[in-house]
Structure formats: C-alpha cells, structure tokens
Colleague: 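Provided herewith is a single structure, encoded as structure tokens, for subsequent inquiry.
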Amino acid sequence: MDTNPIPCFIFVLFCCFCLRISICDGSDSISGNGSLSGDQTLLSAGGAFRLGFFKPGNSSKYYIGIWYNKLSAQTSVWVANRETGISDRFSSQLKINDGNLVLLNELQTVIWSTNLSSGASSSVNAVLQDDGNLVLKDGSTSATLWQSFDYPTHTWLPGGKIRLDKRTNRSQLLTSWKNSEDPSPGLYSLELDPNGTNSYVILWNRSVQYWTSGPWNGQIFSLVPEMRLNYLYNFSFVSNENESYFTYSLYNSSVISRFIMDVSGQVKQLTWLSFTNEWNLFWSQPRTQCEVYAFCGAFGTCDDGSSAFCSCLRGFDPKSESDWNLRDYSGGCVRKTPLSCANSSAFNGRRDKFMENPDMRLPVRTHAISVNNAEECETTCSYNCSCTAYSFSNGACHIWFDDLLDMQQFSGSSPSGTTLHVKLNAAELPEASKPSALIISAIAGSVVIAAAAGLLFVIFMRRKRTIKMAEPVEGSLVPFGFRDLQNATKNFSDRLGGGGFGSVFRGTLPDSTVIAVKKLESISQGEKQFRTEVSTIGTLQHVNLVRLRGFCSEGTKRLLVYDYVSNGSLDAHLFRDGDTVKLDWRTRYQIALGTARGLNYLHEKCRECIIHCDIKPENILLDSELNPKVADFGLAKLMGREFSRVLTTMRGTRGYLAPEWISGVAITAKADVYSYGMMLFELISGKRNFEQQGDGKIKFFPTHAASEITDADCDTLSLLDRRLAGVADAGEVTKALKVACWCVQDDETDRPSMGQVVQILEGVLDVNMPPLPRSLQMFAEDQEQVVFFTESSASQSSCSQSNTSTSTSQAKSAPSFISSKSS
C-alpha cells in the first residue's frame, strides 16, 4: 500500500505547532524554552489559582495577572505590568529570558521583568503555586530566585507578608488600584511603620498618614479589635534584627479569604461566600469613607450620609466624569468659571464673591491670621488673588490658598461643622438688584409672586386631590406619586436619619397625617417585582412593627411611606448625656419584651420567615406611649441579592453581628437573636456595649455582665444603668441578663428562638444559668478587655435566602437554657 509522505509530514508539523502554542496551557510552570501568550494560562497544581492575560472590566488594555480559578467572579490578586497595559495579548509573550521572567509587548519590547542579576542559571523556571505565589526557581538547585509574594500589588494572601526591612528601612507596600478598570498604583498604600512602632499605617500619596492599626500587643493590633473574634485566621507577628512583618494563615484550608488595599482608601478583609457567590466584607479600616484623606480630591466634599459619598462644591464640576463614574474621585473638581481676581473690569465690573457652605469639616493646610472681625477676614481673602476660601469662627480667621482638600459635608446641623466661604467668580452667583431699578423690581416681583402663589395654589389643590383619589392597592397599601411625596416632605428637607438603605424624611399628607418617607438607595428591582415584594411586607401587621402605609415606584425612584413614630429611636433615649433618664426599668423591660414579640412575629408567624439582619437600638422606634416598634424589618427581603451591596454603605453599627456572619455560612433567624442579645445588654446598662476607658483600653460590658451573672454572690442591680439608682425588680434584671447571655452564645443552636425569649420574659418559662460564651471568655482572659465590633458593612450575606436551618434547630429538644415551666 502506497503512502504519500507529504500529508504525513504536514500532519506532524501541525501537531508540533499545536503542541508549541499549548505547551503552557494547563501547566503550572514556564520552563526556559517556553512562553505564554494569547489565551494560554498557567494553572496551579491544586487548581486554586490561574495566571494569564486578563482585561479588567471595560478596559481596553490587557495585563498579566493571577486570579482565583474556581470563583464565578474573576478576582485578580496580583498584576505584573500594572503600570503598562498591552493592546494585543496574542503578539505579547511572558517568557524566561536570561534567567529572568519577562513580559514582551506587541513590539517585543520588555515592559516588565523580575530584574534579577544577569548570568543566572539557564535552567530557571517559573511556577505558579497553589497559595497564589508565583515563584522563579533555579531548576538545578530548586532555590527560590524571586517570588510574587515579595512584590504584592493590592492583595495580601494567606502566607504572604507585608514587611519592613530593618537593614534598608524599606517597606513592602500594598497599593490600591487607581480604579476598578485600571490596576496602576492608586493614591493609597498600606505599609509597616518605618519608625519602628510595630504598627501598620495607610498613606495618601505616600506622604500623608491618615490611619494606623495601633501597635501589636501580642494578640491583635490595638486599634483593630475586630481581630479578637476572628474564627477563620491565625495571625502572627514576627520581629527580629533583620525584619518585621505580619502574616496569617487559615484554620480551614477550604475557606477563600484575602486582605486588599481598596480603591476606597480602606484596607478590607474579605471572605468568599459560596452560597451567594459574593465576597463577604468582615471589616474595613478606616471605618467610614470620609475618614479617608482627600478621598474626594480638590474642591470635592465627602458625605457619609450619601451613597455617592463625593460631590463638588457649588461652582465646580468633576475634573473627569469618566473617573467619577468608576468611583475614582482623586482628580477632584475644577472651576466652571475662572476667578477674575483683582481685575475690576472683568464680568461687568464685579469682583469675585464668596459662596457660603455651612456644616463643613474645614480643609487641611489652613493659615491663621489675626483680624478683628468677620468682615476683615473676608476682605483679607478677597484682595489676595491666591486665596480660595476663608472661615471665621469663634473669633478666629482662617484662610486657604490653592486647592481645598479633605473636606466633609455634615448632614444637618453638627457641633463639628463650620461655615466655609469659598471664592467664586461673580458670574456663578446671583446678581444683586441695582438701586436704580428698585421700584421696577419691586413691582415686577409682586406680580411674579402673585402669579406664583396662584400657580402654587392650583398645584396644591391638584396634588391634594391626587393623593385623596389614590386608592389602596395590593392589600392596604397606597401607591404614592413621587411628586406627591416630594410635596409632602417639602422636597425632602426634614431629614430624620438614615443608613445604608437610604435616608428617612418627615412629611405631612393633606389630611395632616404625619408620615416618615424612606428613600431607598442601590435597589435595582423591576417595578413589578418591587410592588410584589412591598405588597408582601405591607400585609404584615403587628403592634410591635412599624406600619407600612404606602410606597412609590416611578422609574428608578423607590420610596416607602411609614407611619411617623413620635418618640424617635431607642438609642436617642438610651444613650443620652446627663444624669436624667427618661426610660425607667419597667419601661425598658417592656421595650425588651415588645421587641422580642415583634421579632417572633417576623420569624415564626409569617408565611415566610423574615430575618431582619440589622437589629440595633437605632432600628427600634418608640411611639407616644414608649411602646417599641421594629423598623426596617422588610428591607432585607426587599433588597434580595442587592442586600449585600447595600449593607456595605452602612455606618455606625458596632457589635451586633453574630459570629456566623464572618464564617461564610448561611444566616438563619438566630443571627437576629444574637443582635437582640447585644441590644438587651445595652438596655440594661444604658451604655454602648463598648466603652473607651481613660487609659485608652476598651471595656466590653457583655463580658463583664456574663462573668458577674455566673457568680452566686453577684448583685445584679450593680450591673444596671447607674442613672436608675437601683430602682428595678432584681428578678427581672437577672432574667434579662440571663436571656442576653444565652442570646449571644457562639453556636447558634445554643441560642433560644425569639418565641422562647418572649415566653421567658413573660414568665412562662424559667431559664438556666448561661455558660460564658467562648468569644466573651477570650475577652475575660484578656486584661486589655478589647471589644469586638464591626460595621454592618461586614454583613455581606443575603439573609433573605438563608433561613434554611431554622426549622431544623427548632425541631430539636428544648435546649439547656430552659429549666422548667414557671409555677
């Protein structure tokens, strides 16, 4: 049989070509004669990490990076050429060259290299390890020549370290990306303090330190108490004559976790939740966005009460709209109209004027000058072309030159806020009426006012009829128009409070009914789905739940209308300054009981178990008779999968989150039980659970109370709010303390249900002496008494999907917290 040698030869060449282009794909290493390009990747031996070309977001550039291989969302942990992207990954190569690992771009120019000394062994190879470390090794000796763990970018993986070389006094840096689509080094970096304080610090632009971890005390960093209750990580700190560094490992190797220096200027600890396919934020530092230095750039103001955080001063626009859309505010704002300065002929002879900005945290880099009054302060700035703003407060004059940085807008009046007068071109300000036209202006103004009054009357009557004509739908709820609610709240001018879900405003309907309107933020449900969810929540009626009266759903506008609860939130009464107290013990006990009844209704009496996920004094409202009403009880359900992202914007909640929030497991109704227990401790003590002492240490009341309650000789009234002067039923105080201790047990199966809490507080069931929870025992053994706390931004689970184990735990025999029925 004849055989044609040409096709065989072509076939062999084709096989060799295929072998050549795929030689690295699926392998964990690049050898001396291999390379990687196009869609080829390295895969670590255990399949945990992958290395290759990737394109972040909508970027047009490609980068060599390492990312998690098994996650649904591509999450990079290291980038080689973060400062120089490439356009064509198929014409670029990552290869071994002269003992170095190098990246060649489309023009075969080296744009990144490991930069080892030339003349290295020819048997060098690069290996991607299963811990995410890319290691360059000498093939003949297996010695490590270079590793990516020594050159971290924005992610700190388990086993890695951020170190200080004491011999050179040089620090390794964890540096943020510029934004979500640009991995080039941003303005924020984390490093070990080169001054030898054994503290980590965050710097802006490698020059301004705005956060420190506090010194290492052998167990935690003193200003990061969240580390104390961390069940996932084993932290250690090493310091010797050559170096200092902090490192960590995972107790459970199946957990996926990391630290990042985020584009927000905060260092964050994240854990992957497989059941929601999302990253769970455990903690971040600094705790609020506006604590990050100059986050909003020049002439930008930060507002923790806004979901966008940054805005420009009046008379300014974002320098780069595209960067702001990517939440990169570092470019700040620029003037709409240049200053005319001292040129009196410019802009119709008008000089530059000043815009008043009240309730501000003043910019940095101020200059104090000596003047007699506010007029002199203004004049000094007005006639100095370099002066951009001034402030006169408490007899002191401060002026600023050039850019204004690190400003914060406080929501409403604030004792910390000061009025800042910013210089603007006169064209940006309303022109004052000329004296010669005073009479004409007055007449014209009168006509305009009369016409406007008539128009407003017509609009008012029309709006009044509109609201009256609105018939209840979807049960007992009323669909309101956005304009109706805008009128009812006077354009949302009377802000009652707010959180991660949005702000709440007081309003009045045409029939004089007072309402509370919550403007929801970061919710992307369709209108039909939103109405369905709201109608479900609207059917929930209980004396201890705030009544939902109606809603608005127009385009992207989502608002909820509640009954106004006259006495505000519990925290305003509980944590007020001074020796006077409005809530006596009997009232507090009834608040504890009523709150438990409301939660029991949500957990066990509804068709679906509704988990609140954010129980705290701020979310317990008091009516005119000081009866408690649980607020925001349906928002976790409303937000659905978006709930995790919305919670990241919350501020101010500390110490109410159950340990399972950080362990990556599904959340059940027992998470609410834990939060309720923490709140119950505060009802008893009249203080926040964590309290800063004069010596700088932090006292954690639950630890103190749990330790005392197990002592047979304990005087429980000594744990009571001192302002009550011991006027309380000792038996009720003891019962409440026991319930609180049982509610904060580490294992959720050891906690009572809210139904059992109600029965205990009502006296139907007796309760056993609680054990000291393991987490509280850790505090008791620590002489520093460091408190664990975190923000609601730590709770990144979708609790609306995670009530699967509730029925199982309830089906068990009565837990050990119940002793017997009361006689």
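The residues of the chain are indexed from 1 along the displayed sequence.
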Colleague: Give yes when the SG atoms of Cys296 and Cys302 are nearer than 2.5 Å, otherwise give no.
Modeller: no
Colleague: Checking Arg365 side chain against Asp402 main chain: does a donor-acceptor pair fall under 3.5 Å?
Modeller: no
Colleague: Does any non-hydrogen side-chain atom of Arg167 lie less than 4.5 Å from one of Asn242?
Modeller: yes
Colleague: Quick test of your reading of the model: are Asp182 and Lys61 salt-bridged, counting only N-O distances below 4.0 Å?
Modeller: no
Colleague: Ring centres under 6.0 Å, that's the criterion: do Tyr62 and Phe54 meet it?
Modeller: no
Colleague: Enter the distance from Gln172:CD to Asp150:CG here, rounded to the nearest 0.5 Å.
Modeller: 5.5 Å
Colleague: Which pair of non-hydrogen atoms, one from Phe90 and one from Gly38, has the smallest distance, and what is that distance?
Modeller: CD2-CA, 3.4 Å
Colleague: Within the side chain of Asn198, is there an N or O that forms a donor-acceptor pair under 3.5 Å with the backbone of Trp216?
Modeller: no
Colleague: Can any side-chain N or O of Ser76 pair as donor or acceptor with the backbone N or O of Trp78 at less than 3.5 Å?
Modeller: no
Colleague: Does the side chain of Leu36 reach to within under 4.5 Å of the side chain of Leu51, using non-hydrogen atoms?
Modeller: yes
Colleague: Taking side-chain hydrogen bond (donor to acceptor under 3.5 Å, both in side chains) as the definition, give me every residue that meets it alongside Arg163, ordered by chain and number, with sequence neighbours left out.
Modeller: Glu243
Colleague: Evaluate the side-chain proximity of Cys310 to Gln289: yes if any heavy-atom separation is below 4.5 Å, no if none is.
Modeller: no
Colleague: Begin with the C-alpha distance, continue with both residues' side-chain angles, and end with the deciding distance and a verdict on side chain to side chain contact (heavy atoms under 4.5 Å, CB included) for Leu250 and Ser257.
Modeller: CA-CA 8 Å; Leu250 295 167; Ser257 184; 4.0 Å; yes
Colleague: Compare all side-chain heavy atoms of Ser244 with those of Phe237 and state whether any distance is below 4.5 angstrom.
Modeller: yes
Colleague: Indicate the ring-plane relationship of Trp156 and Tyr200, choosing parallel, tilted or perpendicular according to the 30° and 60° boundaries.
Modeller: tilted
Colleague: Taking all non-hydrogen atoms of both residues, which atom of Ser189 and which atom of Met261 are closest, and how far apart?
Modeller: C-SD, 4.1 Å
Colleague: Which of these passes side-chain contact (heavy atoms from CB on, under 4.5 Å) with Trp112: Thr84, Val102, Leu101?
Modeller: Leu101
Colleague: Check the pair Ser148, Asn133 against side-chain hydrogen bond (donor to acceptor under 3.5 Å, both in side chains), reporting the backbone distance first and the verdict last.
Modeller: CA-CA 6 Å; Ser148 61; Asn133 190 15; 3.1 Å; yes
Colleague: Is the shortest heavy-atom distance from the side chain of Gln285 to the side chain of Ser213 under 4.5 Å?
Modeller: no
Colleague: Check whether any side-chain N or O of Asn105 sits under 3.5 Å from a backbone N or O of Gln108 as a donor-acceptor pair, and report yes or no.
Modeller: yes
Colleague: Using the rule given for side chain to side chain contact (heavy atoms under 4.5 Å, CB included), can you reason through Leu657 versus Met678, listing the C-alpha separation, both sets of side-chain angles and the distance that settles it, and then say yes or no?
Modeller: CA-CA 9 Å; Leu657 296 179; Met678 285 298 181; over 6 Å; no
Colleague: Is the shortest side-chain heavy-atom distance between Phe149 and Val135 below 4.5 Å?
Modeller: no
Colleague: Work out which heavy atom in Leu174 is nearest to a heavy atom in Pro152; give both atom names and the distance.
Modeller: CD1-CB, 4.0 Å
Colleague: May I ask you to decide if Asn58's main-chain N or O and Glu181's side chain share a donor-acceptor pair within less than 3.5 Å?
Modeller: yes
Colleague: Side chains of Thr75 and Trp279: do they bring a donor and an acceptor to under 3.5 Å?
Modeller: yes
Colleague: Grab the two heavy atoms, one from Thr247 and one from Lys161, that are nearest each other, plus how far apart they are.
Modeller: CB-CB, 4.4 Å
Colleague: What are the two closest heavy atoms between Phe235 and Phe246, and how far apart are they?
Modeller: CD2-CZ, 3.1 Å
Colleague: Does either side chain, that of Asn100 or that of Thr114, offer a donor lying less than 3.5 Å from an acceptor on the other one?
Modeller: yes
Colleague: Could you tell me if Arg50 and Thr41 have a donor-acceptor pair between their side chains, going purely by distance under 3.5 Å?
Modeller: yes
Colleague: Could you tell me the separation between the SG atom of Cys290 and the CZ atom of Arg361, rounded to the nearest 0.5 Å?
Modeller: 6.5 Å
Colleague: Using side chain to side chain contact (heavy atoms under 4.5 Å, CB included), reason through Val292 and Trp204 one step at a time and then give a plain yes or no.
Modeller: CA-CA 8 Å; Val292 175; Trp204 173 84; over 6 Å; no
Colleague: Going through the distances and angles, do Thr197 and Asn195 end up as a side-chain hydrogen bond (donor to acceptor under 3.5 Å, both in side chains)?
Modeller: CA-CA 6 Å; Thr197 62; Asn195 294 319; over 6 Å; no
Colleague: Tell me whether the centres of the aromatic rings in Tyr248 and Phe259 are closer together than 6.0 Å.
Modeller: yes
Colleague: Okay, side chain of Asp328, backbone of Asn179: is any donor-acceptor separation there less than 3.5 Å?
Modeller: no
Colleague: Checking the side chain of Asp406 only, and the main-chain atoms of Ala294 only, is there a donor and an acceptor separated by less than 3.5 Å?
Modeller: yes
Colleague: Hey, does Arg82 have a side-chain heavy atom less than 4.5 Å from the side chain of Trp177?
Modeller: yes
Colleague: Taking Thr301 for its side chain and Gln408 for its backbone only, find out whether a donor-acceptor pair lies under 3.5 Å.
Modeller: no
Colleague: Just by distance, do the side chain of Ser171 and the backbone of Leu192 share a donor-acceptor pair under 3.5 Å?
Modeller: yes
Colleague: Are Leu103 and Phe53 packed together at the side-chain level, in the sense that at least one heavy-atom pair is separated by less than 4.5 angstrom?
Modeller: yes
Colleague: Kindly write out the residues that satisfy ring-ring contact (aromatic ring centres under 6.0 Å, His included) with Tyr245, not counting sequence neighbours, or none if the list is empty.
Modeller: none
Colleague: Please walk me through it: do Leu164 and Asn169 pass side chain to side chain contact (heavy atoms under 4.5 Å, CB included)?
Modeller: CA-CA 7 Å; Leu164 169 67; Asn169 204 38; 4.0 Å; yes
Colleague: Given 3.5 Å as the limit, does a donor-acceptor pair link the side chain of Tyr210 with the main chain of Gly265, or not?
Modeller: yes
Colleague: Would Lys178 and Ser330 count as having a side-chain donor-acceptor pair, cut-off 3.5 Å?
Modeller: no
Colleague: For a quick test of reading the model, state the closest non-hydrogen atom pair linking Gly99 to Leu136 and the distance between them.
Modeller: O-CD2, 3.8 Å
